[in-house]
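Here's the structure we're looking at; comments come further down.
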Amino acid sequence: MGQGRLSSLALLAIERTLVKSLEKTPTSQDITVVRSVSVLILQVHPGVLIALNETEEDLSTQPSNYEPGARLASVNDYVWNEPVARALTVHQPSRRREGKQRTRVSEINNIFSLEESVKTSYYKNSFLRHFLHLCPYLLTGMRGLRSLIVGLLSATFSTAFGLYFPPHVEQLPTITAQTSGSLIALPYDENFLYRWTKDGMDFDPRKDPRLIKDESSGTFVIPNIRDKVKYQGKYRCYASNKLGTAISEESEFIVPMVPKFPKEKIEPVVVTVGDSVVLECNPPQGIPPWQLYWMTKDLRHIEQNERVSMGLNGNLYFSNTVELDSHDDYCCFASFSKIRTIVQKPSMVLRVKPSQGDDNTMSVQKRKPSILVPSSHSTTYLKKGEELELECIAEGLPTPEVEWIKMWDNLPKRTQIKNYGKLLTIPNITNQDEGKYMCKAKNDLGEAVHHFQVVVEEPPRWQEEPVKSQLAEIGSDIHIKCSATGKPQPTITWKRNGHPLDDFPSTNYKVLDDRIIILRAEKTDTSVYQCEASNRHGTLLVNTNVLVMNHPPLILTRNYLDYATMRREDPEGSLDGERYSLLKNGSLQIHKVEMEDMGQYECLANNSEGTASLTTELFIKDSTRIVEPPQDMKVKRGSMAELECQVECDPTLRRELKILWMKDGMHILSNVSEGDQGNYTCVVRTSLDQDTASAYVTVLDVPDPPVELTLSDRKDRSVRLHWAAASDHNSPITEFIIQYEENHWEPEKWKELLRVAGSQFSAPVTLYGHINYQFRVIAVNAIGESHPSMPSDRYKTPPCAPDRNPENIKIEGHLPHQMDISWEPLLPVEHNGPGLEYKLSYRLLGVEDSWKEQMVKRHSFVVRDTPTFVPYEVKIQAFNRHGWAPEPKVVTGYSGEDMPLAAPEDVFVEVLNFTLLRVSWSPVPQTTLRGHLGGYTVHWWQTQSLLTSKRMPSERQSLTIPGNRSHTMVPGLKPFSEYSLTVNVFNRRGNGPSSIPEQPPILKATNFQKDSITLVWAPPHETNGFLTGYLLQYQTFNETLGKLNSVNISAPDTTQWVLRDLQEDNWYKFYLSACTQVGCGSAISEEGGTVSEAWQPFSFTSSNTDTPSVNATFPTLVVLNISTFVTDTSARISWRTRGERSDSQVYVAIMNHRDGIWQLSEALNTSKGFHLIEGLSPGTVYTVRLQASHRVDVPSIFEEVFKTRKVSSKQLVASQKWFVVMLCVVALLTLLALIGCFVLKNKGGKYAVKEKEHTKADPESHTRGEESPYEYSDNDEKPLKSSQQLFRDIKEDDSSEDSSVMSEEDDCEFNEDGSFIGEYSGYKRRVSTEVNGHAPVTS
């Protein structure tokens, strides 16, 4: 239980005790007195709490500052008896020992022998109803009152005043209430109150029958009579008994009279224009506050200004007069609000005559100022805290202006200038406002000054509060100190029992400046001593009760009390010597308490007058402490902050342990809300002790948005932006982000413009022309960015010419004979005005002097018909309706590149070791490079192993050397091997020719027989010299690779070859390389197999008899004009047959490239002529085959890659909108298709061949950057390309049976003796120039 709760309970108990002692129903005034006495008792000695407790539950503890024992008149000895002779400073009792009853109030009354009849006599006073209190509750010589006070305050004076009053000792009188300040009796008030003396003369209210007296208290009431003025004066109350007299401060009783202006006749005031004049008010004296003002008879206020004004004394001052000031009814009014009275002075007449000169003309004489108020030097004395008023009214013509100055200092900030500059006021004046002030009145003719000396004084106040009661032993010295200060210094006057100290002839008094010493005090020195400190601003009075006596010991602490204290494991500080000390009041204090100190203790007190004792018991508890206090933390707003507070306490106190949380000293709930910042304190408390621990929680958050955005220094192309930072939420602002928005190009889109340091609060902003800007600012700290501030005012800049020209000009040549020029356009905000265009200028570098110019609005331009890779100068200048941008910079670039024309020469190979070569070459001349040099590429591949003397086609490898280097190292070679090596140059357009032929683009195995296979190929795109023939190699390719066989084909025009004497039913791998005199190039590979005698497929023959035939086993069936027609969800494959076995079976296989799964149709009779494949996905790539076997891993008759139509959303919508039109179109197309079929029925076609070759991985895979792409139709209205011939002299069919549209490209054509016709797209042959009379090779 806390001390505050104990005090409240004790105060309640004291009040109940006093109320019970009354013999009547207490009035409100009784309750007021009871509460005052109760508070006094509790303040004087908290020990009384124990004696006045009523219930064990509410009052089971004792205050920590309570000290048992008693202060005696003559203390001879204190003795504490206990088996181990131990003592203790009392903290708080814990529990009552069983078998002992707590003393109640009724028992207390018996113990102190309270006399009920006398106790209640004090409360029989007639408490005030509407009376004036002068000296109520005068405690003079009342034995019953003494018993009451002694009974309840018997334990108080020892602590508060160092006094103890035994119950039978008579007390000195004490003033319990008095009237302070002045009393004012207003007319018709009901009662007036005064006491004992008046104006220093004896005054007995009992002798005046008109006064109403209260015999029990000395209170009297002044009734509302007409001649109550006779009671005006200063009253003082004297309260005496046989021990002494107490006096009160003086109270003045004032009966004001109703103020009136004297009746008088006022002569008119006559002045000349320009003269000064004063109309006097001279108001009557009355009760403040009052108010003065000037009006006319018809109650119109007199207008006041710098020329005419009213002073503090009520007079009306004219610095100079004009004719309009003439009035017959100037009236001064005085208003007294306290008595609700307004009085009026008789009206005054002011006549202002015009001024005439010697020549009878109007003339007003100007004059310099002079001071009207005050008239002489003045010193103003004020009490500290009052309001200073200095008035300075001057006259002169023209009207003077008044200026106020404080000499050698500045006017205080609280200074107020009123009454048109004529009145200076300073409220609540302090010592710093003291000094010399000057007013200066000046006009065009001069000036006048007046000085004011201001002195700030203070009423008396105690420097040290005098002791109001002292208890002294007989024969001791008594010191009574009375120290006061003020300005001027207060005068100290000493009295005894209300009489001057000099009236007492005692020789044992010694009076010093601020104290009196009573030497060797005797019982007769018991009196009430008064100390009075006074100066011109007030008086202080204090009564000091001095009681000189001896008395036997009386222990104020109750007997058989239980005490408990906490054991401190680590007490603060260190103690030397004994752990036990005896206090002056007889209490025993134990330092560094241990468990063995627990037990019973006995206290003995004795002096020359007698002996007293008590017994008590001590319990030792473990202290309550916080073992894990909360820690300071910083948390982000919105996150959870957890504060821990782990506590340990004595096991017997766990039930009463309370844990409280406080934030900044205020109680809060135990579950602290998120985001609160402050100092959090964990308070753990029991009935005996408590412990606290604190931690500060700092909440971090993004800053608040900046405020107060303003614009300054507004110019055409710049402005300065100002802002103010808001709260940073405990994380310093590191920078500000300035953003802008314009409402023309991208309205409501904010863009970052500038970042500045967090210490800056303004920034210059550079602007573009013809933009309507507004700005906002974002604050940034370690947590993040604030919300944007409110936008600033808009600011629109005027239009102007562009500031800059386009940048990042790129000059490229995507085609050999053109130059593509592009640049980075100006941003919309950089246009600076309407009508932006670009002037493009270009010319050949070093060739042309004049510029070719072109005005464009876009940011790219193509110059056509340029020479290949020649330098150009280019410049681009921006322009709008307000002018040109600055002169642009000239950049240099080249027109379009083309592939290099020549291969590197002087290729030299140096063998460095078994696996490393060094290759060098001569650089390619710039004239044949035809572009920017990209570098060189070295290709090499193994052709033969020297260990076995066998040719071994292997994977082609390459190495790219960027830049203009002419040598490199080739690592990773196999020892004892023969390699082929080529070097070519490349630019951005592509690779130049190599020193040996390229790989043949196509190799196809077909016409598979029992012991032969026909190979068909196309010559290489680039021969890089004169083609001398081909190297054909092959080997079996079953589970392992067999022996490699070679065939040298010396005829360079040969494009097919029949390999004979092959093994039946074997799979072969073929390698074909093109050769020149330099060597053979890289090989292309293909696979194929012979068939067994048991399965002889029908063979094919060409419908063109001019083509050499490949021998076939059964040339009895010819499949002609194989073609496909594709829609979005279906494909139709068609063919024509000729021969004896026209009713043979074929199969159609199709594969979706997305999943790679083949789907095979059922057996189809060749006489049917077509097969429809349905259920295809739009926009998907498929491969279709026509084959004679139901196996997909055998060679096919026909293979082609196609892509189904894409159905666009626009087409779907269009078809839905124009459904009727489409019906007509479909009908028309159907008719045309029927006609076409009829016309083309008997015409031949072409065999389509597969466009992409799916080869297995082998050592001769393609080199870097080289592929064999396939083509398929992107036109949904056309079938795929039909078969094309290899040689130009082979006649082409014009159409197919299915009206297939033939391709116009002749990229790479060949045919195979009528049995196979294919198309290989994606390779465009270049025509070689004629060299040494050889005919060019045509692709």
Side-chain angles (χ1 to χ4, degrees), residues 254 256-353 369-376 378 380 382 386-397 399-400 402 416-425 439 441 448 450 452:
I254 301 173
M257 302 299 294
V258 176
K260 293 181 181 180
F261 278 104
K263 294 182 179 180
E264 58 180 334
K265 183 178 181 180
I266 304 175
E267 296 296 329
V269 179
V270 181
V271 295
T272 303
V273 171
D275 293 344
S276 65
V277 67
V278 179
L279 301 182
E280 296 182 353
C281 180
N282 297 324
Q285 295 298 319
I287 301 173
W290 62 76
Q291 184 178 3
L292 304 176
Y293 44 91
W294 286 82
M295 301 176 68
T296 61
K297 285 184 178 180
D298 56 357
L299 300 182
R300 288 184 293 107
H301 284 276
I302 302 299
E303 183 180 357
Q304 300 187 26
N305 48 37
E306 290 81 359
R307 187 178 61 85
V308 181
S309 61
M310 184 183 70
L312 294 175
N313 56 6
N315 294 342
L316 189 64
Y317 295 89
F318 294 79
S319 296
N320 51 75
T321 56
V322 297
E323 290 188 25
L324 294 177
D325 294 332
S326 296
H327 289 288
D328 294 337
D329 54 353
Y330 281 93
C331 298
C332 179
F333 290 85
S335 173
F336 300 89
S337 58
K338 276 285 187 180
I339 59 176
R340 301 180 293 279
T341 300
I342 299 177
V343 294
Q344 173 188 347
K345 186 174 183 175
S347 61
M348 288 177 278
V349 177
L350 174 62
R351 295 194 180 109
V352 182
K353 299 186 302 180
S370 63
I371 304 299
L372 294 177
V373 177
S375 59
S376 62
S378 59
T380 303
L382 289 98
E386 294 181 341
E387 183 177 18
L388 171 65
E389 293 181 328
L390 299 180
E391 187 176 42
C392 182
I393 302 176
E395 64 89 16
L397 186 66
T399 303
V402 179
Q416 300 177 10
I417 306 299
K418 303 178 180 178
N419 198 16
Y420 307 100
K422 304 171 186 178
L423 179 63
L424 178 144
T425 64
C439 79
H450 184 83
F452 301 84

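Bear in mind the structure is a predicted one, so any value in this text is a computation, not a measurement.
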Problem set entry | Candidate pair D328 and M348, rule side chain to side chain contact (heavy atoms under 4.5 Å, CB included), full reasoning | CA-CA 6 Å; D328 294 337; M348 288 177 278; over 6 Å; no

For this session: Check the pair Q344 / I342 against side chain to side chain contact (heavy atoms under 4.5 Å, CB included), numbers first and verdict last.
Result: CA-CA 7 Å; Q344 173 188 347; I342 299 177; over 6 Å; no

For residues [X] and [Y], determine if any side-chain heavy atom of one lies less than 4.5 Å from a side-chain heavy atom of the other.
X    : Y    : value
S335 : W290 : no
P369 : V402 : no
D325 : F318 : yes
N419 : Q304 : yes
L423 : I417 : no
F452 : L424 : no
V373 : H450 : no

Seminar exercise, completed: ring pair (Phe, Tyr, Trp, His ring centres under 6.0 Å) filter on Y330, not counting sequence neighbours, yields H327

For this session: State which residues pass side-chain hydrogen bond (donor to acceptor under 3.5 Å, both in side chains) with N313; sequence neighbours excluded, sorted by chain then number.
Result: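 Partners of N313 by the side-chain hydrogen bond (donor to acceptor under 3.5 Å, both in side chains) criterion, ordered by chain and then number, come out as Y317.
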
For this session: Measure the spacing between OG1 of T380 and CD of E386 and express it to the nearest 0.5 Å.
Result: 11.5 Å

Problem set entry | Gap between atom OG of S319 and atom CG of L397 - 0.5 Å precision |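 Answer for the CG-OG pair, L397 versus S319, is 10.0 Å.
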
Exercise. Counting only N and O atoms by type, is there a donor-acceptor contact under 3.5 Å from the side chain of T341 to the main-chain atoms of I339?
Worked result: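 At least one qualifying donor-acceptor pair exists.
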
Taking all heavy atoms of [X] and all of [Y], pick out the closest pair and write down the distance.
X    : Y    : result
C331 : K345 : CB-O, 4.2 Å
G286 : F336 : CA-CE2, 3.6 Å
R307 : V322 : NH2-CG2, 3.6 Å

Problem set entry | N320 versus T399, side-chain donor and acceptor atoms under 3.5 Å | yes

With a cut-off of 3.5 Å and sequence neighbours excluded, list every side-chain donor-acceptor pair involving residues 387-395.
from, atom 1, to, atom 2, distance (Å)
E391, OE1, L312, N, 3.2
E391, OE2, L312, N, 2.8
E395, OE1, R367, NE, 2.8
E395, OE1, R367, NH2, 2.9
E395, OE2, S370, OG, 2.4

Can you list, pair by pair, the side-chain donor-acceptor contacts under 3.5 Å of residues 264-284, counting residues two or more places apart and other chains?
from, atom 1, to, atom 2, distance (Å)
D275, OD2, T272, N, 3.1
E280, OE1, N282, ND2, 3.3

Donor-acceptor pairs under 3.5 angstrom involving side-chain atoms of residues 291-300: please list them, not counting sequence neighbours.
from, atom 1, to, atom 2, distance (Å)
W294, NE1, G314, O, 2.7
T296, OG1, D298, OD1, 2.2
T296, OG1, R300, N, 3.2
T296, OG1, R300, O, 3.3
D298, OD1, R300, NE, 3.4
D298, OD2, R300, NE, 2.7
D298, OD2, R300, NH2, 3.4

Problem set entry | Residue pairs involving residues 281-294 (criterion salt bridge (charged side-chain N to carboxylate O under 4.0 Å, His left out); sequence neighbours excluded) | none

